[in-house]
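In what follows, a structure is listed as structure tokens, so that the remarks can point back to it.
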2 protein chains.
Amino acid sequence: MSPAEQPQPHRTADVRRPTLNAVAARAGVGRGTVSRVINGSPKVSARSRAAVEQAIAELGYVPNRAARSLATRRTDAVALVVPDAETRLFSEPYFSGIIRGVSTGLAGAGMQLLLVLTGDEKEHGRLAAYLAAHRVDGVLMMAVHGDDTLPDRLEELAVPTVLAGRRSDRERLGHVRADNRGGARLAVRHLLAGGRRSIGTITGPLDMDVARARLDGYREALREAGVAVAEDLIAAGDFTEEGGRVAMRELLRRHPDLDAVFAASDVMASGAVLELRAAGRRVPHDVALIGFDDSIVARHLDPPLTSVRQPLEEMGRTMASLLLEEIAHHGTGRREVVLPTELVVRGSA
Amino acid sequence: MSPAEQPQPHRTADVRRPTLNAVAARAGVGRGTVSRVINGSPKVSARSRAAVEQAIAELGYVPNRAARSLATRRTDAVALVVPDAETRLFSEPYFSGIIRGVSTGLAGAGMQLLLVLTGDEKEHGRLAAYLAAHRVDGVLMMAVHGDDTLPDRLEELAVPTVLAGRRSDRERLGHVRADNRGGARLAVRHLLAGGRRSIGTITGPLDMDVARARLDGYREALREAGVAVAEDLIAAGDFTEEGGRVAMRELLRRHPDLDAVFAASDVMASGAVLELRAAGRRVPHDVALIGFDDSIVARHLDPPLTSVRQPLEEMGRTMASLLLEEIAHHGTGRREVVLPTELVVRGSA
DNA sequence: TCACCCCGTGGGACCGCTCCCACGCGGCAT
DNA sequence: ATGCCGCGTGGGAGCGGTCCCACGGGGTGA
């Protein structure tokens with residue numbers, strides 16, 4: 001950090017809060033005893049405990065986090081790292097849901113949540129050092145890309161880390177993800193159950209694990225139904241609306257007779273709808289359509305989009321608890337948790 | 001905080017980071033000098049500075065925030081408080097845009113961003129104490145309700161605070177808001193320019209300042225165009241889709257001949273669209289429609305919704321800088337900043 | 001040449017907490 | 001009665017910074 005970036009020195013309004021010493025004096029006990037009461041140590045007599053608790057209440061004492069942190073070498077804070085490029089994704093329920101869960105999960109443990117939006121990968125070196133340097137007890141990362149090296153750096157630095165989603169199926173760090181494959185299977189089974197047989201899919205970028213998993217689920221569902229998987233019914237999108245539109249156009253060109261599409265995201269599905277409409281195909285009459293994410297656009301599409309929902313809040317809570325565990329018992333954690341998805345049936349399929 | 005809530009004691013991996021003392025030893029200078037270099041004091045000879053900077057680089061030294069915080073009685077952190085009830089609003093670009101701006105604005109000053117989701121108002125007492133107790137240097141609050149007392153508590157506790165939006169036109173705390181009135185005026189002028197004359201409006205809950213401001217803008221635009229404001233062209237919504245739908249139905253009942261509607265939010269507009277469609281009115285042919293917020297639903301409505309956009313990221317940045325100023329020069333701040341809105345014209349009007 | 005000043009510097013004294021050692025005291029076995 | 005044990009307890013010694021005082025040395029003016 002260059003000197004120029006330093007905030008100007010100042011002092012906050014000098015209303016000094018009561019210290020642990022003040023509590024001790026008022027309660028007529030030593031500092032050690034107060035500390036024990038605050039930290040719930042059992043080795044305190046009922047009398048002392050009562051006296052201390054009363055003094056705390058009377059003084060409105062709240063422990064100074066910085067002092068505690070300095071002494072314990074803990075921070076009681078974790079960082080939630082969100083790549084800046086993905087902040088438009090904030091707009092998706094994805095982030096809000098997960099953040100909510102994370103927040104709930106942490107609050108119970110008295111942990112603070114630091115929100116860190118990172119720019120490009122160039123910053124990652126600095127960021128890793130920053131996070132490692134007694135800043136936070138652990139790190140949660142969202143929207144990790146397959147080639148993101150920040151998690152590895154954090155691992156080297158022995159910073160407990162939990163990811164939302166994995167970078168690949170060889171992910172070594174602890175992470176939480178939705179059952180993307182299972183969700184895709186649900187979607188495609190639903191299409192099959194509706195009598196559709198020529199089912200295309202619009203995938204996400206295949207260097208992303210989610211995209212691959214959803215494609216796998218598509219393949220599995222067809223296979224288990226004894227339907228041959230035609231490779232030209234698979235079109236690659238990029239999780240954008242325009243990408244979905246282009247992919248849909250391509251699918252229609254290759255298979256004018258197709259009667260259903262599973263899109264690996266709602267946003268791509270919304271692009272597909274536009275293209276289908278332009279091509280004079282009615283949804284769901286001519287072509288049934290299912291998306292993934294159950295995002296806001298799903299409800300507002302015409303017709304409303306059938307979509308696969310992930311248990312976002314639970315994912316967030318799980319991330320929090322995995323991280324807390326990893327923080328408490330270094331190295332024990334590093335587990336992966338897969339949570340079930342669910343099909344939300346609306347008008348489009 | 002009850003003892004039971006306390007995290008179990010533990011130590012993070014004891015890879016001790018270099019301290020300021022280590023840097024001093026390595027550079028062959030005193031602690032004071034190192035501190036001066038880090039904090040950009042001019043009272044350091046070039047020779048010492050160079051030596052210190054080299055030692056810092058070699059050791060990979062990063063100052064310990066807790067220690068600094070303890071000594072300075074600052075935290076270099078601010079809290080962003082978001083009412084939990086509103087977290088679904090995360091889904092709106094509103095939050096993501098503002099958070100982004102805030103994050104950018106703070107990063108430059110080396111400030112950390114603490115995300116705090118609060119539950120019901122009952123928590124506010126605890127929260128205020130918590131925030132005041134040396135936790136953060138300042139507080140940013142989003143989605144403040146007119147009757148929210150947390151800001152007042154913070155004010156009493158002399159915690160620098162900046163709000164997103166104001167609670168009423170008598171707001172005493174520093175805040176940043178969009179020119180809601182002006183935005184509404186833009187919308188209604190656009191409808192008038194399109195030849196519409198029987199223009200209704202769907203308002204938000206009128207106990208909210210934004211809602212009142214947008215209604216005021218509606219009235220002003222009509223008045224300045226010499227169009228009489230018919231009170232029965234005003235229907236109250238509640239910023240929800242269903243509310244928008246109900247309000248639209250009511251407007252159609254009262255004024256079957258109406259030819260345009262200004263909805264105080266996109267979400268309400270999306271409800272209105274459904275109702276208009278159900279009533280066989282074509283948008284924009286029979287009834288032109290404009291929303292507010294330029295949210296995602298706007299782009300995905302059919303037809304795409306003309307809407308008023310707020311400069312969200314700039315609002316966030318401004319909030320950050322107001323807060324930093326207030327923190328630096330206690331009491332100087334407490335300003336209000338109103339940022340201009342802009343009409344994004346799409347298919348619906 | 002001497003007094004004075006100022007600049008750069010080292011290091012002591014905190015900031016408020018936790019950790020842990022040592023101590024006092026009552027109860028039990030000897 | 002004496003020794004021993006263990007429970008509660010007080011308080012010293014840090015944790016890693018900042019602040020500020022006091023001090024040495026070179027330059028300036030008398």
Side-chain angles (χ1 to χ4, degrees), chain A residues 1 3 6-12 14-52 56 59 61-76 110 133-135, chain B residues 1 3 6-12 14-52 56 59 61-76 110 133-135:
Chain A
M1 198 181 293
Q6 285 297 319
Q8 287 309 304
H10 71 273
R11 297 187 159 267
T12 45
D14 241 332
V15 220
R16 293 238 181 147
R17 313 268 326 167
T19 70
L20 179 140
N21 245 318
V23 175
R26 175 157 201 133
V29 300
R31 294 187 343 271
T33 302
V34 177
S35 178
R36 270 170 228 125
V37 170
I38 291 169
N39 294 293
S41 157
K43 321 184 131 234
V44 182
S45 69
R47 240 173 52 77
S48 300
R49 164 163 289 121
V52 169
I56 288 180
L59 294 173
Y61 169 76
V62 185
N64 180 313
R65 203 154 197 139
R68 171 182 285 174
S69 173
L70 185 57
T72 56
R73 329 182 115 278
R74 268 182 289 138
T75 61
D76 289 340
H134 290 308
R135 288 300 167 276
Chain B
M1 202 180 291
Q6 285 297 318
Q8 288 310 304
H10 71 271
R11 295 187 162 268
T12 45
D14 240 331
V15 220
R16 293 239 181 145
R17 313 269 326 167
T19 70
L20 181 139
N21 244 317
V23 175
R26 176 159 201 131
V29 300
R31 294 182 351 266
T33 301
V34 177
S35 178
R36 271 169 228 125
V37 170
I38 290 169
N39 294 293
S41 157
K43 321 183 130 231
V44 183
S45 68
R47 238 171 52 76
S48 302
R49 164 163 288 121
V52 169
I56 289 180
L59 294 173
Y61 169 77
V62 185
N64 180 315
R65 204 154 196 140
R68 173 182 284 173
S69 174
L70 185 56
T72 56
R73 327 182 120 278
R74 268 180 290 138
T75 62
D76 289 340
H134 290 307
R135 287 300 167 279

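Lettering of chains follows the sequences in order, A, B, ..., and the numbering in each one begins at 1.
- Atom CG in B:Asn64 sits roughly 18 Å away from atom P in D:dG14 (whole-Å rounding).
- In terms of phosphate contacts, A:Arg73 brings a side-chain nitrogen or oxygen within less than 4.0 Å of OP1 or OP2 of D:dG16.
- Per the geometry, NZ belonging to A:Lys43 stands 14 Å off P belonging to C:dC19, to the nearest Å.
- Rounded to a whole Å, the CZ atom of B:Arg47 is 13 Å from the P atom of C:dG8.
- Atom pair A:Arg74:CZ and C:dT18:P shows a separation of 9 Å (rounding to whole Å applied).
- Projected onto DNA chain D by closest heavy-atom contact, B:Ala67 and B:Arg36 fall at different nucleotides, the more 5' of which corresponds to B:Ala67.
- For the pair A:Arg65 CZ and C:dT18 P, the computed distance is 12 Å after rounding to whole Å.
- B:Thr75 contributes atom OG1, which lies 12.5 Å from atom CG of B:Leu70 (distance to the nearest 0.5 angstrom).
- Checking the phosphate oxygens (OP1, OP2) of C:dC7, no side-chain nitrogen or oxygen of B:Ser45 falls inside 4.0 Å.
- Proximity of B:Ser35 to the phosphate of D:dC19: no side-chain N or O atom is located under 4.0 Å from OP1 or OP2.
- Atom-to-atom distance recorded for B:Ser48:OG and B:Lys43:NZ is 14.0 Å, nearest 0.5 angstrom.
- One donor-acceptor pair, N or O on each side, does fall under 3.5 Å between the base of D:dG12 and the side chain of A:Arg31.
- A:Thr72 has no side-chain polar atom (N or O) that falls below the 4.0 Å cut-off from OP1 or OP2 of D:dC15.
- B:Ser35 contributes no side-chain N or O that, together with a main-chain N or O of B:Arg31, makes up a donor-acceptor pair within less than 3.5 Å.
- Note: CZ (B:Arg17) to P (D:dG16) measures 12 Å, nearest angstrom.
- In this structure, B:Val44 and A:Asn21 both approach DNA chain C, and ranking their closest nucleotides by distance from the 5' end singles out B:Val44.
- OP1 or OP2 of C:dT18 lies within a sub-4.0 Å distance of a side-chain N or O belonging to A:Asn39.
- Between the CZ atom of A:Arg68 and the C1' atom of D:dG14 there is a distance of 17 Å, rounded to whole Å.
- Rounding to the nearest 0.5 Å places CZ of A:Arg74 at 10.0 Å from CZ of A:Arg65.
- In this entry the distance linking CZ of A:Arg49 with C1' of D:dT9 reads 14 Å, nearest Å.
- Of the two residues near DNA chain C, B:Leu70 and B:Val29, the one whose nearest nucleotide lies more 5' is B:Val29.
- A donor-acceptor pair under 3.5 Å is absent between the side-chain atoms of B:Arg17 and the main chain of B:Asn64, judged by distance alone.
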